[in-house]
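Working notes for the structure below.
By convention in this document, chain letters (A, B, ...) are assigned in the order of the sequence lines, proteins followed by strands, and residues within each chain are numbered from 1.
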Amino acid sequence: MKFPFEVSFEEIQADLDVYIDAIFSCLTSEFLVMPKGKGFVEFAVFEEGYECLKRATGGFCEVTPETLVSAVYDTPIALVVLRCMIGFTPPEWAYYASRQTGISVTQNAARAVDRNIRMDPQAPLPKPGTVQGRRIGALISAACHALASGVPRQAADTLHRLDKADTKAGLVSVRASANLGIPYSVLLYERLLGRPFAGHRDSISELIGNVVENAIEAVLTEAGISFRRTGRAERLAGFDQAPDFVVPNEFNPKVVIEAKLTEDDGTARDKVTRVQHLGSLSMDGQPPGKPRFQVVACIAGRGFGVRREDMRKLLLATRGKVFTLNKVPDLVDQTLLRDFRTVSPTR
DNA sequence: CTTTATCCACGCTGAGGCCG
DNA sequence: CGGCCTCAGCGTGGATAAAG
């Protein structure tokens with residue numbers, strides 16, 4: 001099978017559907033495998049925090065700020081376990097703690113505390129006397145209050161955040177959950193309310209996005225090609241929206257590369273629009289068929305495989321230079337990038 | 001120098017508008 | 001009416017600026 005980047009633009013236009021199928025055929029979805037990322041908490045570490053919490057409170061019988069603080073300072077990850085018990089995000093916990101204790105805990109402070117512990121569970125926490133230490137104390141006191149209070153009466157069409165199997169009846173339900181376990185159906189119901197791995201997926205969303213960009217960078221580096229990789233929120237002169245790569249540099253763009261991985265067709269549509277925009281930018285004030293620079297798209301994920309119309313647009317905007325992740329190795333030889341190669345192929 | 005705050009981009013969701 | 005599309009919102013991490 002011929003791929004669109006191997007043939008002339010005329011051939012693509014004459015047989016567009018064939019080339020759409022060619023791209024579709026090698027678009028694979030990688031959603032089954034996720035990177036762990038730097039702040040990943042292994043179960044063994046998490047469990048250690050849980051057991052420490054359970055021990056310090058005598059099996060959740062004595063849940064007081066004092067017993068919780070001693071557990072958290074002994075095994076910092078216990079703070080993350082505590083957060084899972086109440087089921088708040090760090091910013092939510094910060095707000096709740098500020099209201100509850102009168103001690104100012106900013107969203108960023110709570111996020112930093114939580115993340116620092118996850119990044120290095122062995123690192124000692126800021127001492128209780130320090131500003132950070134007082135904030136940790138406030139968070140713990142607030143959690144203590146939340147765990148003890150249970151769910152107040154609610155209107156039928158509302159759902160209280162503490163209305164979870166382990167916290168709906170205060171410490172009684174906490175102890176029951178710890179001692180008897182929680183039924184499978186309850187686990188499944190919690191999954192329904194919070195999709196599996198949601199927190200982790202959020203935390204690694206940027207790593208996912210970088211998969212394609214890293215692959216491109218590796219290929220460019222190996223060929224010894226000068227390139228400019230743009231960072232987030234970076235502005236490039238001459239572009240109202242910065243593409244991911246410019247070769248050789250933004251002052252004299254000859255090849256621009258837009259890279260995107262998406263498992264979601266909504267996101268894919270947005271990116272197609274971006275590439276189309278780059279395509280029209282390359283034609284500004286140029287004679288027909290003679291773009292100022294070559295626009296290349298590198299895509300991955302099943303999001304791009306949803307609608308043929310989007311792929312058609314993408315092929316036209318790039319004049320056929322659409323590469324899926326597994327075709328990135330062909331990137332240099334099948335585009336104008338070959339003119340910038342300074343290291344010959346090692347084959 | 002370190003810590004904190006601000007801003008941005010990521011993927012995903014859901015609401016609402018438009019079109020045939 | 002369903003399909004398509006745009007938009008705004010979420011929580012996250014990282015870059016950068018500001019404050020200590």
Side-chain angles (χ1 to χ4, degrees), chain A residues 29-41 80 83-84 86-96 98 103-120 123-127 129-136 138-139 159 161 191-214 229-236 239-245 258-277 298-314 325:
Chain A
S29 176
E30 301 299 323
F31 75 98
L32 287 176
V33 183
M34 305 178 281
K36 282 185 175 177
K38 282 193 291 183
F40 188 78
V41 178
V80 177
R83 181 163 74 78
C84 292
I86 56 178
F88 294 176
T89 65
E92 287 167 348
W93 196 2
Y95 176 82
Y96 186 79
S98 301
I103 297 169
S104 163
V105 186
T106 62
Q107 300 195 3
N108 284 308
R111 278 174 58 180
V113 167
D114 198 270
R115 175 147 180 84
N116 288 340
I117 292 172
R118 281 181 288 126
M119 296 291 276
D120 185 2
L125 292 176
K127 291 282 167 281
T130 62
V131 175
Q132 286 276 54
R134 274 197 293 278
R135 287 172 176 156
I136 292 173
L139 290 172
L159 180 62
R161 284 288 290 273
R191 272 192 204 160
L192 172 68
L193 298 185
R195 66 212 137 83
F197 298 102
H200 180 63
R201 275 155 61 188
D202 285 345
S203 80
I204 54 153
S205 66
E206 189 160 31
L207 290 179
I208 299 282
N210 270 341
V211 166
V212 185
E213 288 175 50
N214 290 345
R229 180 176 177 176
T230 57
R232 63 173 60 214
E234 208 167 342
R235 289 255 162 264
L236 288 193
F239 294 90
D240 45 3
Q241 44 183 243
D244 296 314
F245 291 86
E258 190 71 30
K260 192 46 56 192
L261 181 154
T262 172
E263 306 292 352
D264 169 70
D265 61 316
T267 310
R269 265 194 309 274
D270 289 352
K271 300 311 162 188
V272 170
T273 314
R274 267 180 91 105
V275 174
Q276 281 186 300
H277 183 72
C298 294
I299 60 175
R302 70 179 188 280
F304 283 104
V306 175
R307 254 191 305 284
R308 299 186 70 84
E309 190 52 36
D310 286 338
M311 190 55 60
R312 185 189 313 271
K313 290 174 184 169
L314 202 57
L325 187 53

Report summary line: With sequence neighbours left out, the residues meeting side chain to side chain contact (heavy atoms under 4.5 Å, CB included) with A:Thr130 are A:Pro126, A:Lys127, A:Gln132
Report task. Under the side chain to side chain contact (heavy atoms under 4.5 Å, CB included) rule, collect the residues that match up with A:Asp120, sequence neighbours excluded. Result -> A:Gln122, A:Ala123
Return the set of residues passing salt bridge (charged side-chain N to carboxylate O under 4.0 Å, His left out) with [X] (not counting sequence neighbours), or none when no residue passes.
X: A:Arg134; result: none
X: A:Asp244; result: none
X: A:Arg115; result: none

Check nucleotides 9-12 of chain C against the protein and report each pair of N or O atoms closer than 3.5 Å, with its distance, or say if there are none.
{"residue": "C:dG11", "atom": "OP1", "partner": "A:Glu92", "partner atom": "OE2", "Å": "3.3"}

Query raised in the report: Rounded to the Å, how far apart are A:Glu213 CD and B:dG11 P?
Result: 9 Å
Requested in this report: Taking A:Asn116 for its side chain and A:Ala112 for its backbone only, find out whether a donor-acceptor pair lies under 3.5 Å.
Outcome: yes
Query - Listed partners of A:Tyr96 passing ring-ring contact (aromatic ring centres under 6.0 Å, His included), at least two apart - result: A:Phe88
What N/O pairs connect the protein and nucleotides 1-4 of chain B at under 3.5 Å? Give each pair on its own line.
{"residue": "B:dT4", "atom": "OP2", "partner": "A:Gln132", "partner atom": "NE2", "Å": "3.2"}

**Report entry** A:Ser98: partners by side-chain hydrogen bond (donor to acceptor under 3.5 Å, both in side chains), with sequence neighbours left out
**Finding:** none
Query raised in the report: Start at the 5' end of DNA chain B and walk down; is the nucleotide closest to A:Asp244 or to A:Ala109 reached first?
Result: A:Ala109
